Amino acid sequence: FLQAHGDARSVRHIPIPAHRGLITDRNGEPLAVSTPVTTLWANGKELYKAREQLGTLAKALGQDAKVLAARLEQNREREFMYLVRGLTPEKGQQVLDLNVPGVYAIEEFRRFYPAGEVAAHVIGFTDIDDRGREGMELAFDEWLAGVPGKRQVLKDRRGSLIKDVQVAQNAKPGKALALSVDLRLQYLAHRELRNALIEFGAKAGSLVMVDVKSGEVLAMVNQP
């Protein structure tokens with residue numbers, strides 16, 4: 001009985017993030033890639049007790065100290081508040097190395113689009129929680145989205161990690177998606193459509209290039 005109640009207060013499950021599947025063109029050129037980033041959060045109760053270090057923390061986060069102090073005041077009784085999301089792992093570690101009480105990190109993934117605006121209308125984008133919101137990211141969200149795992153850990157009464165016990169469930173990465181689009185033709189179509197708009201003074205334009213034998217879309221661009 002006592003052991004069970006002790007475990008209930010110390011055994012916790014921490015989510016293991018799963019990255020989204022890669023989106024490529026027909027030749028394997030990457031159009032959407034997931035990269036690990038660090039999200040920093042704080043236990044408001046713990047951080048409030050160490051609020052004399054807020055100035056140092058705010059500077060490291062690149063935030064206004066007064067704004068951060070006001071947010072902490074609102075969340076002083078809460079055990080979770082976001083500080084900043086999507087930092088590079090190196091930047092996140094620099095903040096953690098300050099050893100400010102109540103500041104913790106979560107590993108997440110952020111989407112990057114190597115082709116930029118050239119393929120933006122086709123690929124779409126994800127939100128800050130890595131869910132598809134437009135384009136292929138939205139249409140194939142279930143296919144691309146991974147399934148987070150979880151690992152069992154032991155924490156003390158202050159929430160600090162004592163021991164990493166085991167992986168309770170492995171994370172399953174999202175599946176890759178290969179489009180019929182040819183990135184070389186996509187660049188060409190993007191350039192030619194932009195030049196045509198400038199030449200004729202048009203407000204907007206669209207260009208779709210299709211393989212007439214197979215029906216595959218080889219390029220699809222919009223301006224603006």
Side-chain angles (χ1 to χ4, degrees), residues 4-24 28 30-47 61 63 71 75 78-97 100-115 119-120 122-179:
H5 278 263
D7 287 347
R9 288 161 177 75
S10 60
V11 176
R12 297 288 183 269
H13 286 92
I14 297 178
I16 302 173
H19 64 80
R20 286 175 73 82
L22 181 72
I23 300 180
T24 67
L31 300 174
V33 182
S34 287
T35 303
V37 294
T38 297
T39 286
L40 297 177
W41 64 279
N43 182 319
K45 293 180 179 180
E46 295 178 18
L47 185 56
L61 295 173
Q63 298 180 3
R71 285 188 59 218
N75 294 276
R78 297 183 179 180
E79 294 186 350
F80 184 93
M81 61 175 278
Y82 281 118
L83 292 175
V84 64
R85 301 184 71 176
L87 291 177
T88 63
E90 294 78 14
K91 180 67 176 177
Q93 190 57 50
Q94 288 175 12
V95 178
L96 292 175
D97 287 342
V100 178
V103 176
Y104 304 97
I106 305 171
E107 184 188 7
E108 295 184 314
F109 287 94
R110 182 181 172 189
R111 212 65 161 152
F112 287 93
Y113 303 97
V122 180
I123 304 305
F125 60 90
T126 59
D127 61 18
I128 195 167
D129 292 314
D130 216 23
R131 291 190 293 261
R133 288 301 180 210
E134 291 290 346
M136 291 296 172
E137 292 278 31
L138 174 59
F140 290 89
D141 188 51
E142 289 188 11
W143 177 268
L144 292 165
V147 179
K150 56 184 178 181
R151 72 176 191 266
Q152 194 179 64
V153 298
L154 288 177
K155 289 190 174 184
D156 63 17
R157 61 188 179 85
R158 295 183 178 181
S160 299
L161 185 66
I162 301 172
K163 183 181 179 182
D164 200 329
V165 181
Q166 64 181 354
V167 174
Q169 180 181 323
N170 288 315
K172 296 180 180 178
K175 295 184 283 289
L177 180 67
L179 305 183

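Numbers here simply count residues along the sequence, with the first being 1. Being a predicted model, the structure only gives us computed values, none of them experimental.
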Inset, instruction - Working to the nearest 0.5 Å, report the span between CD of Q93 and CG of L40. - result: 9.5 Å
Inset, instruction - Mind checking the CG-CG spacing from L177 to L144? Nearest 0.5 Å is all I need. - result: 5.5 Å
Legend entry - K172, NZ atom: more than 12 neighbouring heavy atoms under 6.0 Å: no
Inset, instruction - Check whether any side-chain N or O of W41 sits under 3.5 Å from a backbone N or O of G102 as a donor-acceptor pair, and report yes or no. - result: no
Legend entry - Whether R110 side chain and T88 backbone form a donor-acceptor pair below 3.5 Å: no
Legend entry - Side chain to side chain, K150 and P15, heavy atoms closer than 4.5 Å: no
Enumerate donor-acceptor pairs with a distance under 3.5 Å from any side-chain N or O in residues 123-132 to protein atoms, sequence neighbours excluded.
{"unit_1": "D127", "atom_1": "OD1", "unit_2": "D129", "atom_2": "N", "d": "2.9"}
{"unit_1": "D127", "atom_1": "OD1", "unit_2": "D130", "atom_2": "N", "d": "3.1"}
{"unit_1": "D127", "atom_1": "OD1", "unit_2": "R131", "atom_2": "N", "d": "2.9"}
{"unit_1": "D127", "atom_1": "OD2", "unit_2": "R133", "atom_2": "NE", "d": "2.9"}
{"unit_1": "D127", "atom_1": "OD2", "unit_2": "R133", "atom_2": "NH2", "d": "2.9"}
{"unit_1": "D129", "atom_1": "OD1", "unit_2": "R85", "atom_2": "NH1", "d": "3.1"}
{"unit_1": "D129", "atom_1": "OD1", "unit_2": "R85", "atom_2": "NH2", "d": "2.9"}

Legend entry - Pairwise distance OG1(T24) to CG(L179) - rounded to 0.5 angstrom: 6.5 Å
Inset, instruction - Would you give the length of the straight line joining atom CG of N75 to atom CG of L47, rounded to the nearest 0.5 angstrom? - result: 10.0 Å
Legend entry - Atom pair CG (L87) and CD (Q94), whose distance is rounded to the nearest 0.5 Å: 9.5 Å
Inset, instruction - Can you spot which of T39, L96, L83, N43 makes a side chain to side chain contact (heavy atoms under 4.5 Å, CB included) with Y104? - result: N43
Inset, instruction - State, to 0.1 Å, how close G92 and T38 come at their nearest heavy-atom pair, and which atoms those are. - result: CA-CG2, 4.1 Å
Inset, instruction - Taking all non-hydrogen atoms of both residues into account, name the closest pair between P17 and A171 and its distance. - result: O-CB, 3.8 Å
Legend entry - Over 12 foreign heavy atoms within 6.0 Å of CZ, F140: no
Inset, instruction - Please identify each residue that fulfils ring pair (Phe, Tyr, Trp, His ring centres under 6.0 Å) with F109, with sequence neighbours left out. - result: H19
Inset, instruction - Heavy atoms only: give me the nearest A32-P114 pair and the separation to one decimal. - result: N-CD, 4.2 Å
